[in-house]
Amino acid sequence: MSTFEGVFVNDPWLQSQFTQVELRKLRTKFISARNQAGTVKIEDLPPVLAKLKPFNEVSGQDEVSRMLGDSYSDLAKDLDFEGFLRVYLNLQARASAKLGTSKTFRTTSSFFKSGATTLRHSISETEKASYVKS
């Protein structure tokens, strides 16, 4: 029997912002951002974030560094994974605002995250009769 090996996030709102595929990809990037002390600081993020699709299309490492500097006063602050996700979402919003568009940089559709669909199938009487024998 296989077990679920997803990425868990304690904050339900934060969890809802990402698919498991995105969380696994971001978790890998977070781990790769660790410095020699084994921690991740905001100042360690520009090279990692600049390589991600949302940011490499809009700006380079220098622009990511500038946006981080504008958003956070303490760049030496240690981050856990959830903090990293919040920084990612913050930069994503800033990059979107910079473009002056409502375009979001989501790589997946909200359809996949939605618990309900709008497709509705009405069964005709003849179709029902072919399945239900009286």
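Positions are given from 1 along the sequence.
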Applying side-chain hydrogen bond (donor to acceptor under 3.5 Å, both in side chains), name anything that partners N35, two or more places apart in sequence or on another chain. T39, D44
If you look only at pairs with a residue in residues 8-18, which of them pass as a salt bridge (Lys or Arg N to Asp or Glu O under 4.0 Å), with sequence neighbours excluded? D11-R86
If the condition is salt bridge (Lys or Arg N to Asp or Glu O under 4.0 Å), which residues does K41 pass it with, not counting sequence neighbours? D78
Which residues share a side-chain contact (heavy atoms from CB on, under 4.5 Å) with L79, sequence neighbours left out: I42, L45, V87
Measure from the side-chain N and O atoms of S71 to the backbone N and O of L68, and report whether any donor-acceptor pair falls under 3.5 Å. no
Which distance, rounded to the nearest 0.5 Å, do you find between the CD of Q61 and the NZ of K51? 8.0 Å
The reported gap from CZ in F8 to CZ in R27 (rounded to nearest 0.5 angstrom) is 12.0 Å
Should V48 and I31 be counted in the same cluster of Ile, Leu, Val, Met, Phe, Trp and Tyr side chains packed under 4.5 Å apart? no
Closest non-hydrogen atom pair between L49 and Y88, with its separation: CD2-CD1, 4.1 Å
Please round to the nearest 0.5 Å and tell me the distance separating atom CG of L85 and atom CZ of F18. 4.5 Å
Taking V9's backbone N and O only, do any of them form a donor-acceptor pair with Q15's side chain (distance below 3.5 Å, no angle check)? yes
Would Q92 and L89 satisfy side-chain contact (heavy atoms from CB on, under 4.5 Å), going step by step from the backbone distance to the final call? CA-CA 5 Å; Q92 198 176 53; L89 288 174; 3.5 Å; yes
Answer yes or no: is there a side-chain heavy-atom contact under 4.5 Å between L23 and Q20? yes
Can you name the side-chain contact (heavy atoms from CB on, under 4.5 Å) partners of N10, sequence neighbours left out? E82
Under the ring pair (Phe, Tyr, Trp, His ring centres under 6.0 Å) definition, can you give me all pairs with a residue in residues 60-83, not counting sequence neighbours? F30-F81
Going by side-chain contact (heavy atoms from CB on, under 4.5 Å), name the residues that satisfy it together with D70, two or more places apart in sequence or in a different chain. R66, R94
So, the side chain of Q17 versus the backbone of L14: is there a donor-acceptor pair under 3.5 Å, distance only? no
